[in-house]
Structure formats: structure tokens, C-alpha cells
2 protein chains.
Amino acid sequence: MQFSKSTGYALHALVYLAGANPGTNLGIRELAEFLGVSESYLSKVMSKLRQGGLVRSAPGVSGGYELAHPAGNITFRAVIEIVEGRQPLYECARFEEHRHSLFRKQGARGHAARECLVQSVMNGAEQELQAYLRAHTIQWVLDNARLSKHANTRG
Amino acid sequence: MQFSKSTGYALHALVYLAGANPGTNLGIRELAEFLGVSESYLSKVMSKLRQGGLVRSAPGVSGGYELAHPAGNITFRAVIEIVEGRQPLYECARFEEHRHSLFRKQGARGHAARECLVQSVMNGAEQELQAYLRAHTIQWVLDNARLSKHANTRG
DNA sequence: ATATTGTGGATATAATTGATCCGCGATCGG
DNA sequence: CCGATCGCGGATCAATTATATCCACAATAT
Ligand code: SF4
Ligand code: SF4
């Protein structure tokens with residue numbers, strides 16, 4: 001139960017892109033060198049990000065990548081969902097085709113029928129996780145970092 | 001990024017054990033049949049739970065498993081940690097040996113030196129996840145389930 | 001046109017997970 | 001004590017996923 005390395009690559013690449021001058025395209029070469037990963041592999045990750053709408057790409061001379069949105073609009077959650085895919089933290093394996101009774105008590109009213117309790121806990125946990133990830137953006141990292149290129153004028 | 005099936009097996013097995021009469025040992029056969037999984041594989045999972053101190057086991061005739069603690073003391077978090085192992089949701093791959101500056105601003109005081117911001121977000125998210133999982137126990141599932149064996153006297 | 005640069009399919013390799021087998025030892029009833 | 005029962009754990013294997021690379025192709029600027 002761990003995020004893949006691809007997710008790490010994606011996050012770092014986006015932070016790097018966000019730290020670059022807007023309007024400039026960064027090539028896969030520079031990104032890959034900075035991250036210490038092969039261009040071949042990183043290009044796969046970047047393609048995912050492009051398909052997910054987080055970055056734009058341009059082929060040809062002086063082509064490369066740039067953020068498709070302000071860094072403040074790119075949440076960790078979005079990045080992870082694009083790279084890892086949209087899969088729940090836990091999926092019911094339908095043990096013995098539900099010949100059990102681990103469902104929430106049905107109150108007097110019949111609504112909320114047959115909500116599984118194991119799923120309920122796992123989904124609740126996942127909600128907490130995602131809420132936190134949605135609350136943090138690429139920009140947040142830049143804001144809190146001591147970036148040398150932005151120069152700390154206060155010395 | 002998904003919990004393994006083993007975790008699902010473990011959770012369901014514990015719920016089943018918790019629902020059984022205290023003092024009785026449930027054999028691997030009954031558990032495996034209920035969960036619809038092979039005895040061989042489930043026994044591995046149960047061994048982990050035993051090593052983790054969540055269940056007790058007894059060999060020999062009329063042997064089997066029983067909870068080592070009240071179901072109210074067994075949190076989802078504990079189960080998952082035992083089965084999945086204690087590994088962080090995200091580990092730094094030390095891209096290019098940290099030749100970047102994505103660390104938290106060092107305030108006037110020098111404390112909290114060099115805290116990585118990417119890690120910070122991921123760890124924060126993990127804390128949220130675990131807090132939720134710690135807040136829910138096996139007993140919680142039983143309390144909220146409509147268990148037929150406990151008979152709803154008001155029915 | 002041509003060098004450049006991202007795209008995406010195919011492929012290869014490594015790592016992890018899921019699953020099974022079997023000999024061992026502990027336990028208990030007789 | 002004896003032997004049937006039952007959990008333990010090492011070895012092994014298959015399936016799946018993650019990681020990584022290669023190459024033909026298309027798009028772009030000059
Ligand atoms: S308790 Fe929930 S997760 Fe488990 S088998 Fe039933 S429906 Fe599926
Ligand atoms: S930003 Fe954090 S996670 Fe990324 S390489 Fe630096 S220390 Fe590691």
C-alpha cells in the first residue's frame with residue numbers, strides 16, 4: 001500500500017514546472033535530468049499528466065511541457081488520481097456472495113438500504129485521505145519552500 | 001494504491017471471530033469456508049495476525065483461533081498495519097540527492113530544520129487516513145450490523 | 001526539407017501479490 | 001504412550017503490477 005514511483009515523478013515534475021518561468025516550455029531532457037530518471041520513462045508519466053489535462057505539451061524545436069493551469073489549481077489529489085488511476089482504496093471481493101449480515105442496521109425508515117460496514121470504514125478513511133490531498137496544491141509547496149531562485153530579499 | 005486482498009481477509013476473519021461465542025476456537029476450515037478462500041492462504045494471514053498479537057491460536061484437536069483482545073480494542077489501523085506492514089504511503093526517492101530546495105522555510109529560530117514539503121503533504125494525508133482507521137474497531141462493525149444470530153428481539 | 005521533440009505501442013525486466021504444497025510440532029482424547 | 005487433529009512456516013509457483021527501455025511516427029520551427 002504505497003504510492004508508485006510514477007506519482008513521485010509526477011509531483012516533482014509539476015513542482016519543477018511551476019517553479020519555471022511561465023511561458024517557457026521545459027523539455028523532457030531537463031526534467032528527466034533534474035529528477036534523475038530516464039527520459040523514456042518520465043515521458044510516459046508526462047503523457048498521463050497531459051491526458052489528464054494538467055500540462056500542455058508542444059512537439060518540435062523548442063517544444064516541451066508547461067502547466068495547463070495555475071499551480072494553485074493543481075491539487076495533489078488530482079495528480080495522484082491521474083497517475084494512479086481512479087481505484088478505490090478497498091474493493092469488496094464479495095466473499096461467498098454476501099452470505100453474511102455485515103450491513104448497517106436499517107432504521108425504521110427503509111432508506112440507506114444495505115450499506116456494507118467494512119466498506120463504510122474503508123471508504124470513510126479514503127475520504128479523509130482525499131480531502132487532505134485536495135487541500136494541498138503544487139503552489140502550496142512553492143509558497144512554503146525557500147526557493148533560491150526567487151531570492152529571499154531579507155537575506 | 002489499494003489494500004491487498006489479504007487485508008480484506010484479515011478484517012472479515014476478525015469480524016467473524018468477534019461474532020462467535022467467546023471461549024470457542026474457530027478452526028481455519030470454518031473461517032476459510034465462510035470467506036470463500038483457501039485454507040492454505042488464509043492460514044498465512046491468520047499467522048500474521050497471531051504474530052501481531054491480535055488473535056491467539058491453539059493447535060491440536062479442537063484447536064483454532066480466538067481474539068486475543070476485546071473486539072473494541074482492535075482497530076482497523078492495527079489490522080492493516082500488521083497485514084500490510086509498516087510502510088509509509090510515500091517514500092522519498094532522493095531525486096538527484098536533494099539538489100533542490102523544496103524544504104520548509106526555516107523561521108527565525110532554526111528549529112524544524114529542513115522538513116521536506118512533498119513528504120510533508122503525503123505524511124499529513126497518511127496521518128488523516130490512519131486517524132480515521134484508528135477510530136474504528138472491529139466492535140464498531142458488530143455494533144452497527146444487523147446480526148441475525150444475536151436476534152433482534154424487537155423484530 | 002530537416003533537425004528537433006513529444007506520442008504511443010510493443011516489449012522486456014523486476015517486484016509484489018496471491019495461492020498452493022508439505023513436513024514439522026504441538027495438543028488432546030483415548 | 002498413540003495417533004488423529006490442527007496450526008506453523010518454509011519452499012515453491014503463478015498472476016499481476018510496477019518499472020524501464022526501444023522505436024517508428026507525427027508535429028513543429030527554422
Ligand atoms: S462485509 Fe462488505 S466488503 Fe465484506 S463481503 Fe460483505 S459487502 Fe463485501
Ligand atoms: S522534495 Fe522531498 S520527496 Fe522530493 S526529493 Fe526532495 S526530499 Fe525527497
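Every chain is numbered from 1, with letters handed out A, B, ... down the list of sequences. Predicted model only: the values in this text are computed from it and were never measured.
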Test: A:Glu81 and A:Arg77 ion pair at under 4.0 Å | yes
Heavy atoms of A:Leu17 and A:Val55 approach each other most closely as CD1-CG1, 4.0 Å
Which nucleotide span of DNA chain D, 5' end to 3' end, has atoms closer than 4.0 Å to non-hydrogen atoms of chain A?
-> D:dT19 to D:dA29
Quick one, give me the B/S/- string for nucleotides 6-22 of chain C, reading 5' to 3', where B means a protein heavy atom under 4.0 Å from the base and S means that only happens at the primed atoms, P, OP1 or OP2.
-> SSBBB-------BBB--
For A:Leu142 and A:Gly19, work out which heavy atoms get closest and say how close.
-> CD1-N, 4.1 Å
Residue set satisfying salt bridge (charged side-chain N to carboxylate O under 4.0 Å, His left out) with B:Arg50, at least two apart, ordered chain then number -> none
What distance separates A:Leu26 CG from A:Glu30 CD, expressed to the nearest 0.5 Å?
-> 5.0 Å
Euclidean distance, A:Leu14 CG relative to A:Leu67 CG, rounded to 0.5 Å | 6.0 Å
Would A:Phe34 and A:Tyr16 count as a close aromatic pair, with their ring centres under 6.0 Å?
-> yes
